Amino acid sequence: MKEIKVKDIVQMTNGELVVGNEDLICSDFSRDTREIQKGDIYIGIKGERFDGSDFWKEALDNGAGAVIIQGKEITPEEKEAYADKTIVMVENTLQALHKIAEYKRSLYNIPVVAITGSVGKTSTKDIIANVVKMKYKTLKTEGNRNNNIGLPFTILGLKDHEAMVIEMGMNHLGEIDLLTRIAKPTLAVITNIGTSHIGNLGSRENILKAKLEILNGMEEPKIVINNDNDLLHNWYETNKSNIEIHTYGIQNRSEVMAKEINLKQESSTFIAEEKDEKTEITVPVGGEHFVYNALSAVKVGEILNIDSELIQQGISSFELTKKRMEIRKLENGATLINDSYNASYEAMKASIEYLAKYEANRRIAVLGDMFELGEYSIDLHTKVGEDIAQNNIDILMCTGELSKYIIEGAKKLNNKVNATMFKDKEEIYEKLKEEIKKDDVILVKASNGMKFFEICQKL
Ligand code: ADP
């Protein structure tokens with residue numbers, strides 16, 4: 001039986017049943033009183049601004065069957081008023097959530113693919129999930145709910161699923177360790193080791209170490225890696241004899257490789273080659289980085305014994321999560337590439353290379369600050385500028401504290417580059433409005449906190 005009862009929760013969390021029914025079956029969980037469905041089990045999570053446990057009455061009034069909360073005194077009157085409901089008091093609701101998710105996971109003997117990496121986690125997760133679902137009923141992380149709250153809640157959504165594809169994110173050492181011990185993946189994927197969050201982690205080697213924590217929760221470590229990434233490649237070379245490592249790549253010799261790559265504006269085709277097997281793949285999103293993401297899905301599909309036709313179909317029908325590289329025609333005929341959701345150095349570089357190959361009259365890059373790069377900030381913004389100068393970009397527009405280094409980097413390599421620093425987004429928008437012509441293409445990209453999507457919305 002794959003069900004969890006209140007008494008199991010009380011036991012595993014060392015909690016106290018304040019009122020209610022210990023045999024109540026807990027099948028759906030919620031952390032948001034506004035989204036509660038009848039019978040849900042509400043877990044009051046403490047956030048930065050609010051303590052979810054404060055809303056226990058609201059949760060019950062909105063239909064929750066039970067609440068799991070911390071740090072509340074329940075009066076005799078309240079007990080009486082909610083006598084037909086269930087209240088479980090625990091020491092720490094976040095830890096309780098982790099325990100329950102870990103237990104739920106233990107009830108399922110299914111393939112669990114966990115994806116991490118500096119960039120491309122969500123995109124890769126979505127492609128892989130689309131492939132896996134061709135054969136198995138699959139539960140996947142929605143959006144990018146990849147942290148210590150989103151991941152356990154995803155697991156709690158397991159019903160009659162035959163596979164799970166989840167994403168794991170981190171800002172610090174130890175975070176992936178926690179997630180993997182809850183999710184117990186049967187197969188791990190690392191998309192790349194770049195520089196996201198390097199401000200917290202100190203070095204790329206530490207980022208590698210943090211991502212490799214994913215192995216800690218695996219009974220039999222089995223991992224798929226991007227073999228063209230320098231650090232992953234080196235790690236592979238030193239560890240391939242004692243860990244089951246599968247590789248994909250375009251340059252370095254890998255188990256599965258992309259050949260005859262044809263990059264088009266809004267899609268790509270390539271041949272996935274593994275030994276004598278050749279599979280024609282179409283990826284419905286442009287850019288070489290998506291060839292990598294698709295390659296990882298080919299490898300995962302094959303490890304999970306999914307037929308190559310189904311792998312092809314899964315990849316070609318995958319849909320990008322919103323706000324990642326949205327391409328839209330503007331009224332005057334120009335094309336807008338809205339990639340304003342987040343920015344790391346690697347993603348910036350990928351987007352600039354993509355823009356450079358875009359067929360257009362002029363290629364305009366509107367770029368802003370990349371956050372969380374710590375002492376590497378100046379260096380990496382300068383490198384973005386150099387990438388602009390080295391690629392076929394006609395106009396660069398920036399705003400932000402750190403973006404002046406993008407401009408500097410571009411001008412250092414090519415002092416004729418058309419690069420301008422603006423006071424704010426409004427000024428950029430005004431300039432774009434008068435500047436853009438039919439057949440121009442505009443890339444808008446910065447860390448989400450820069451809110452560059454506002455520029456896109458107005459255009
Ligand atoms: P994450 O979930 O790791 O933040 P996303 O899939 O949301 O990554 O993608 C973030 C950004 O990185 C997007 O701009 C996307 O176009 C770009 N991107 C996606 N995959 C890759 C990749 N393999 N390498 C570099 N950039 C990528």
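Order of appearance sets the numbers: ligands from 1, and atoms from 1 within every ligand. Just so you know, residue 1 is the first one in the sequence shown, and it goes up from there. Quick caveat, the model's predicted, so the values are computed rather than measured.
Using a 4.0 Å cutoff on heavy atoms, Lys445 counts as a contact of ligand 1. Within the 4.0 Å heavy-atom shell around ligand 1 one does not find Asn144.
Between the side chain of Thr238 and the backbone N or O of Asn234 there is at least one donor-acceptor pair closer than 3.5 Å.
Between Gly120 and ligand 1, an N or O atom pair is found at a separation short of 3.5 Å. Taking distance alone, with nitrogen or oxygen atoms compared against 3.5 Å, Asp339 approaches ligand 1 more closely than that limit. Backbone and side-chain nitrogen or oxygen atoms of Asn293 are examined, and one is located within less than 3.5 angstrom of a nitrogen or oxygen of ligand 1. In terms of polar-atom proximity, Glu346 is not counted as a contact of ligand 1, lacking any N or O under 3.5 Å from an N or O of the ligand. The N/O atoms of Ser123, backbone and side chain alike, include one that comes under 3.5 Å of an N/O atom in ligand 1. Checking only distances, Thr124 never comes within under 3.5 Å of ligand 1, N or O to N or O.
Between His233 and Tyr236, the two ring planes are tilted [angle within 30° to 60°].
No hydrogens or angles considered: nothing links the side chains of Asn144 and Thr122 as a donor-acceptor pair under 3.5 Å. For the 3.5 Å distance criterion, the side chains of Asp387 and Tyr345 qualify, holding a donor opposite an acceptor. A side-chain N or O of Glu346 and one of Thr195 form a donor-acceptor pair less than 3.5 Å apart. Side chains of Lys125 and Thr141: no donor on one and acceptor on the other come within 3.5 Å.
The residues Lys411 and Glu408 are annotated as not salt-bridged, no charged nitrogen and carboxylate oxygen being separated by less than 4.0 angstrom. A salt bridge between Lys184 and Glu102 is present, with a side-chain N of the basic residue lying under 4.0 Å from a carboxylate O of the acidic one.
When the heavy-atom distances from atom 22 (C) of ligand 1 to Lys349, Lys121, His289, Glu353 are ranked, the shortest goes to His289.
Atoms of ligand 1 lying under 4.0 Å from any heavy atom of Glu167, numbered from 1 in the order shown and given with element: 2 (O). Heavy-atom proximity to Val119, at under 4.0 Å, picks out these atoms of ligand 1: 3 (O), 8 (O), 24 (N), 25 (C), 26 (N).
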